[in-house]
Q: 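Mind looking over this structure? Questions follow.
Read the numbers this way: they start at 1 and go in the same order the structure lists the ligands and their atoms.
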Amino acid sequence: MCSLLPFFSLLLICATGSWAMDVTMPFMEYLDQEQLVCLKWGFDNPVDDITFQLAVNTTGWVGFGLSPNGDMKGSDIVIGGVGSSGSYFSDQYATGNSMPLEDAQQSYTLLSVRENEGQTVMTFKRPIKTCDDKDFQITPQPIKLIFAYGKTDEISYHGSRRGTKEVNLLNYMPKSIPTNSSYLSAMVDNIIVPSNTTYYHCKVMKFPKLNTKHHIYQIEPVIDHLDLVHHMLLYHCPPKVTEPYDKPCYMGDIGDSCFGVVASWGVGGGVYKLPENVGIPIGGENSDALYRLEIHYNNPERKEGIKDSSGLRLHYTAKLRQHDVGIMTTGVLPGRVKYDIPAKANQFLTYAMCNTSYFSKFFNPVPDLQVFAVLLHTHLAGRKVRVGHFRNERQIDFLGIDENYNFDLQQTVSLGSIKTIKEGDEIVVECTYNTTNRASVTKMGLATTDEMCLAFLFYYPAINITSCVSIPDARGVPMDAEKIPVDKITEYEMMLKKAPQYQAILNSNHNAFFFQNGTVRDLMKTPAACQIRNTSNRFSTSWIVNLAGIILVLLWIILM
Ligand SMILES: *[C@@H]1O[C@H](CO)[C@@H](O)[C@H](O)[C@H]1NC(C)=O
Ligand SMILES: *[C@@H]1O[C@H](CO)[C@@H](O)[C@H](O)[C@H]1NC(C)=O
Ligand SMILES: *[C@@H]1O[C@H](CO)[C@@H](O)[C@H](O)[C@H]1NC(C)=O
Ligand SMILES: *[C@@H]1O[C@H](CO)[C@@H](O)[C@H](O)[C@H]1NC(C)=O
Ligand SMILES: *[C@@H]1O[C@H](CO)[C@@H](O)[C@H](O)[C@H]1NC(C)=O
Ligand SMILES: *[C@@H]1O[C@H](CO)[C@@H](O)[C@H](O)[C@H]1NC(C)=O
Ligand SMILES: *[C@@H]1O[C@H](CO)[C@@H](O)[C@H](O)[C@H]1NC(C)=O
């Protein structure tokens, strides 16, 4: 169901390195030591179905479940296989270490099951969030997965053919670490954090020279003061930046122009590992480039005299991966631009767009960009961020969505399936702000008290474009955010949305190209927070139908 190359994907079932081979099921994990039980999965962000593919080296029954503690008791189980009289599949639950019972509500749907060379491959799905609180709810936390299988299709005690493994299904990161690797340190060294509540420190630096291209595969935060360090971003600098420095950010220094994001970390985040087929290129032709590390210190208690040595470790390897990763900034053109958010707004939405039709002006052909992760960014007044993906004037998907944006929890989020941006596709970034507690207008800008509306898209293969951003051309808007009455805020918001967009596309040399007259298309509603199971009662319904059928037949016989 999921691959255009079914034969190819069949061969690659659970082959190592098959990460991202299958765009709809990019994640893979063996559930046992012997590598006889392999699980692949994928899902659609934000709320939709999660699809699993379980491959087990047996021609007997196979079982898979989500368990509260790794035991059978209380777990949500599916059992299926291909038997002598065809395939079978059902959603069950276990009340103890005994034969599971069939669920009245069948929340899983079988997509396919087949046997091939002694292996059973079963593909099935369920909604990530069901509205039934009796179901095992899948959250972005590690979940204990259990499995068992039989030698035959007679479902009986599994003996030792069972196991459990903890996996974070919705926030998965690969575990394998290249054997021969080292890291670059992007760190500050004993800087004195001023007692200001908000402080941005910038260190423009050179890394040790790497003569050949290497790939960064893991970004590890090193936090000296967990109570102060709020977020860190590492940017690539354009060639005009030639001298390292260490000082407060955004004071008009040349390094302020380093805006190609290389790595990021936000409060609440941990180590970020890239998918196994991609790496962030470093060294080689680029080895003279400088980088800017930006650390945002949040010091509400205005602590004095604290010395900090925090930063990022960029783990890299000489063993190059298949693709170079690119990170593209989309959203509202960052910096001091005219897109003011009125005060006292319960909610105020800003919009920006990116029209990839223009990419062909820089290179031809434009490759398909495979987006695998996203980092959303606003400042303190941000409440929601949504990134719409349009093709042929219609929205086809969301590339990112956060309905409960939290400034204190900014992390790179891996998508549950790989989303392809084709040449000509358009992206709309929508941010929602709440300024009810502000007395004056909030400007777009760099300070924490200013606002931003950005979505960093992590994709491959990398192209020479670092930003595709826009701002509305507000010249035709006859209202001024400073003087707007509360009841006109929505009208003002709509006027800015309808205004022609002034678009900027930046390349890695920080050259900007401008295009006028873009339009912001309407985004669809966010899907409901949980899904009513469309397959509910499928089995019991068919029983009723069958029963009714039998009664009809009986009646007919009696009447005869
Ligand atoms: C499991 O079965 C597959 C397909 O037949 C085979 O390629 C693989 O080597 C088997 N794995 C083990 C550990 O026997
Ligand atoms: C810290 O706050 C003081 C007083 O408000 C201000 O003068 C100074 O510029 C601030 N320093 C930084 C680095 O923001
Ligand atoms: C890997 O090993 C080679 C040869 O042993 C060495 O030259 C290289 O520096 C090592 N490190 C990395 C990151 O490739
Ligand atoms: C905006 O913030 C205020 C104050 O925190 C809150 O009462 C209000 O419900 C928020 N508005 C929305 C739309 O969430
Ligand atoms: C990116 O493109 C610009 C011109 O469009 C070119 O000058 C620059 O060298 C390119 N950079 C890289 C890293 O390919
Ligand atoms: C874009 O808008 C400007 C200002 O409204 C107008 O002068 C110009 O002709 C438009 N360009 C195109 C290509 O429509
Ligand atoms: C994107 O650019 C193409 C080609 O210039 C144009 O036809 C299309 O209307 C633009 N889309 C938007 C949303 O501005």
Q: Can you find an N/O atom of T436 closer than 3.5 Å to an N/O atom of ligand 4?
A: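 N/O-N/O distance below 3.5 Å exists for this pair.
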
Q: Give one line per pair: atom of ligand 2, protein atom, distance. Only N/O to N/O under 3.5 Å.
A:
{"unit_1": "ligand 2", "atom_1": "2 (O)", "unit_2": "N196", "atom_2": "OD1", "d": "3.4"}
{"unit_1": "ligand 2", "atom_1": "2 (O)", "unit_2": "N196", "atom_2": "ND2", "d": "2.3"}
{"unit_1": "ligand 2", "atom_1": "11 (N)", "unit_2": "N196", "atom_2": "ND2", "d": "2.8"}
{"unit_1": "ligand 2", "atom_1": "14 (O)", "unit_2": "N196", "atom_2": "ND2", "d": "3.4"}

Q: Does either side chain, that of Q92 or that of S90, offer a donor lying less than 3.5 Å from an acceptor on the other one?
A: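 The answer is yes; a qualifying pair exists.
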
Q: Provide the number and element of each atom of ligand 1 under 4.0 Å from a heavy atom of L36.
A: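 Those atoms are 12 (C), 13 (C), 14 (O).
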
Q: What pairs with K525 under salt bridge (charged side-chain N to carboxylate O under 4.0 Å, His left out), at least two apart in sequence or on another chain?
A: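 K525 satisfies salt bridge (charged side-chain N to carboxylate O under 4.0 Å, His left out) with no other residue.
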
Q: Of all residues at least two apart in sequence or in a different chain, which pass the side chain to side chain donor-acceptor pair (under 3.5 Å) check with H379?
A: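 With sequence neighbours excluded, H379 shows a side chain to side chain donor-acceptor pair (under 3.5 Å) to H377, given in chain and number order.
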
Q: Considering the heavy atoms of N434, write down every atom of ligand 4 situated less than 4.0 Å from one of them.
A: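 Counting from 1, the qualifying ligand atoms are 1 (C), 2 (O), 3 (C), 8 (C), 10 (C), 11 (N), 12 (C), 14 (O).
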
Q: Report the relative orientation of the aromatic rings in Y200 and H296; use parallel for angles under 30°, tilted for 30 to 60°, perpendicular for over 60°.
A: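 Y200 and H296: parallel rings.
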
Q: Show the atoms of ligand 1 that are less than 4.0 angstrom away from any heavy atom in Q35.
A: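 Numbered from 1, ligand 1 contributes 13 (C).
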
Q: Is it the side chain (CB and beyond), the backbone, both or neither of N346 that lies under 4.0 Å from ligand 4, heavy atoms counted?
A: both

Q: Quick check, are the ring centers of Y291 and Y235 under 6.0 angstrom apart?
A: no

Q: Suppose we screen for ring pair (Phe, Tyr, Trp, His ring centres under 6.0 Å). Which residues come up paired with Y405, at least two apart in sequence or across chains?
A: none

Q: Determine whether the side chains of D153 and Y88 contain a donor N or O and an acceptor N or O closer than 3.5 Å.
A: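 Short answer, yes.
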
Q: Given salt bridge (charged side-chain N to carboxylate O under 4.0 Å, His left out), test K303 with D227 step by step and report yes or no.
A: CA-CA 11 Å; K303 292 181 189 161; D227 52 335; 2.5 Å; yes

Q: State whether the shortest distance between N or O atoms of N57 and N or O atoms of ligand 1 falls below 3.5 angstrom.
A: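 So ligand 1 has an N or O lying under 3.5 Å from an N or O of N57.
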
Q: E29 and Y172: side-chain donor and acceptor closer than 3.5 Å?
A: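 There is such a pair (donor and acceptor under 3.5 Å, judged by atom type) between the side chains of E29 and Y172.
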
Q: For E34, counting its heavy atoms only, list the atoms of ligand 1 lying under 4.0 Å from any of them.
A: 13 (C)

Q: So is there a nitrogen or oxygen of E117 less than 3.5 Å from a nitrogen or oxygen in ligand 1?
A: yes

Q: Please name the pair of heavy atoms, one in H225 and one in K307, separated by the smallest distance, quoted to 0.1 Å.
A: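 Between these two residues, the closest heavy atoms are CE1-O, 2.8 Å.
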
